[in-house]
Amino acid sequence: PKLSIILCGNDPASLMYTSMKKNKAKSVGIIAEVINFEVSINEEELIKNIKRIQDQSDGVMVQLPLPVGLDKNNVLKSIDPLKDVDGLTSTCLGKVLFGDEKLAPATPKGIITLLDYYGIDIKGKNVVIINHSNVVGKPLAMMFLNRGATVTVCHEFTQDLPSHTKKADILVIGIGKPNFITNDMVKNNSVIVDVGISKIGGNIVGDVDFESVKEKVSFITPVPGGV
């Protein structure tokens, strides 16, 4: 099988991620190519290229975020759902809503796989997600609902955030704010899944103050090396 990874511009994080994806694909026997377009490419030209590329590939993914001036939703709409490796087209996200998770977005699927691996029961649990993106928060909320959890999705307009996080049996956060979640914001023996990633003084850290929280909870994912 052949995978085409579409990259626009030279954002350092995006270059790192596409390189990792290409190497991982090759390690499992997939032919992988990164197709890099200039940051100045216009939306019409990019969509035209995506349609051409996917006709010659088994799977396509567009590295996000896209440069300013490109409408992410329009670009993702141009991907054939049958070639949508990232599971970000409306068709694939709609299937998740109905419990078909074969092509669910990667990060939510990874989180569910991680919880399953460690035997962490989801049914009946209070789950709080701090992230409402189409890539993580929204599909993850659906996947937790599919497993019988009670789900609260928080975001920048949520009032009194600690009142929600303190009730969470499972707390998932991905907002890119280093050490945002502190000891006083979490429940005893809860499960913390940290999706955030930031750099402080050359060190990679997550959204959770790991050292202050780790003794209070039953499970916590490290950053890096976790999700």
Side-chain angles (χ1 to χ4, degrees), residues 1-113 129 131-143 146 153 155-156 172 174-176 195-198 227:
K2 181 181 179 183
L3 170 66
S4 295
I5 304 166
I6 295 163
L7 173 66
C8 296
N10 294 298
D11 175 73
S14 293
L15 286 168
M16 179 185 74
Y17 282 127
T18 51
S19 176
M20 288 168 63
K21 291 171 184 178
K22 181 178 179 180
N23 292 336
K24 191 66 177 177
K26 284 185 174 179
S27 76
V28 294
I30 294 171
I31 299 167
E33 60 176 357
V34 176
I35 302 161
N36 198 337
F37 294 103
E38 294 293 330
V39 70
S40 58
I41 190 170
N42 66 54
E43 194 173 297
E44 184 181 353
E45 190 67 23
L46 178 60
I47 289 171
K48 184 179 172 184
N49 275 287
I50 289 171
K51 290 180 176 179
R52 173 183 60 80
I53 290 162
Q54 69 185 0
D55 286 343
Q56 302 162 7
S57 301
D58 298 292
V60 173
M61 58 171 63
V62 175
Q63 182 63 44
L64 301 176
L66 289 169
V68 175
L70 298 177
D71 186 314
K72 177 182 70 176
N73 292 329
N74 283 342
V75 171
L76 292 176
K77 276 181 196 172
S78 69
I79 299 174
D80 180 346
L82 294 176
K83 305 285 181 79
D84 177 21
V85 174
D86 265 336
L88 295 179
T89 56
S90 57
T91 299
C92 290
L93 289 174
K95 286 184 176 182
V96 171
L97 186 70
F98 287 95
D100 180 352
E101 300 175 3
K102 286 194 289 291
L103 280 176
T107 301
K109 195 163 188 175
I111 291 167
I112 295 296
T113 301
I129 303 167
N131 179 300
H132 71 315
S133 70
N134 291 342
V135 179
V136 180
K138 290 178 185 176
L140 181 60
M142 291 303 106
M143 294 169 80
N146 290 343
V153 179
H155 43 75
E156 61 186 313
V172 182
I175 59 173
V195 189
I197 187 164
S198 304
V227 175

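Everything numeric in this text was worked out from a predicted model, so none of it was measured.
- A distance of 8.0 Å separates CG in L88 from NZ in K72, rounded to the nearest 0.5 Å.
- Between the CG atom in L97 and the CE atom in M143 there is a gap of 12.5 Å [rounded to 0.5 Å].
- Put simply, CG on N134 and CG on N73 are 6.5 Å apart, with the number rounded to the nearest 0.5 Å.
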How far apart are the C-alpha atoms of L140 and I112, what are their side-chain angles, what is the distance that settles it, and do they pass the side-chain contact (heavy atoms from CB on, under 4.5 Å) test? CA-CA 8 Å; L140 181 60; I112 295 296; 4.2 Å; yes
So K51 and S78, side-chain contact (heavy atoms from CB on, under 4.5 Å) or not? Walk me through it. CA-CA 7 Å; K51 290 180 176 179; S78 69; 4.2 Å; yes
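- Q63 has its side chain within reach of K21: a pair of non-hydrogen atoms, C-beta onward, lies under 4.5 Å apart.
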Result block: side-chain N/O donor-acceptor pairs under 3.5 angstrom for residues 25-40, not counting sequence neighbours:
unit_1: S27; atom_1: OG; unit_2: K24; atom_2: O; d: 2.7
unit_1: E33; atom_1: OE2; unit_2: S4; atom_2: OG; d: 2.7

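- Side-chain contact between K77 and T89 is absent, with no heavy atoms from C-beta onward closer than 4.5 Å.
- A donor-acceptor distance shorter than 3.5 angstrom exists from the side chain of N49 to the backbone of E45, with no hydrogens or angles considered.
- D58 places none of its side-chain heavy atoms less than 4.5 Å from the side chain of L3.
- Closest approach of G87 and L93 over heavy atoms only: O-CD2, 3.6 Å.
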Could you go step by step and tell me if L46 and I50 meet the side-chain contact (heavy atoms from CB on, under 4.5 Å) rule? CA-CA 6 Å; L46 178 60; I50 289 171; 4.0 Å; yes
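- No side-chain heavy atom of M142 sits under 4.5 Å from any side-chain heavy atom of E101.
- Between V136 and P108 the shortest heavy-atom distance is O-CG, 3.6 Å.
- The minimum heavy-atom distance linking C92 with L103 is given by the pair CB-O, 3.8 Å.
- Within a 6.0 Å radius of CE in M16, other residues, nucleotides and ligands contribute more than 12 heavy atoms.
- Of the N and O atoms on the side chains of K2 and Q56, not one donor lies less than 3.5 Å from an acceptor on the other residue.
- Remark: the backbone N or O of L15 is paired with a side-chain donor or acceptor of T18 at under 3.5 angstrom.
- Closest of all the heavy-atom pairs between Q54 and D80 is OE1-N, 3.0 Å.
- The CG atom of L7 lies 12.0 Å from the CE atom of M61; values are rounded to the nearest 0.5 Å.
- Looking at heavy atoms from C-beta onward, E43 lies in side-chain contact with N74 at the 4.5 angstrom threshold.
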Show your working on side-chain contact (heavy atoms from CB on, under 4.5 Å) between V135 and D86 and close with a plain yes or no. CA-CA 9 Å; V135 179; D86 265 336; over 6 Å; no
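- One finds the OG1 atom of T91 at 11.5 Å from the CG atom of D100 (value rounded to the nearest 0.5 Å).
- Between S14 and L64, the closest side-chain pair of non-hydrogen atoms is not below 4.5 Å.
- Residues V85 and V60 are not in side-chain contact: their nearest non-hydrogen atoms beyond the backbone lie 4.5 Å or more apart.
- Contact annotation: the side chain of N131 never approaches that of H155 to less than 4.5 Å [non-hydrogen atoms, C-beta and beyond].
- When each of I6, I53, D84 is checked for a side-chain contact (heavy atoms from CB on, under 4.5 Å) with I79, only D84 meets the rule.
- A 6.0 Å sphere centred on NZ of K109 holds more than 12 heavy atoms belonging to other residues, nucleotides or ligands.
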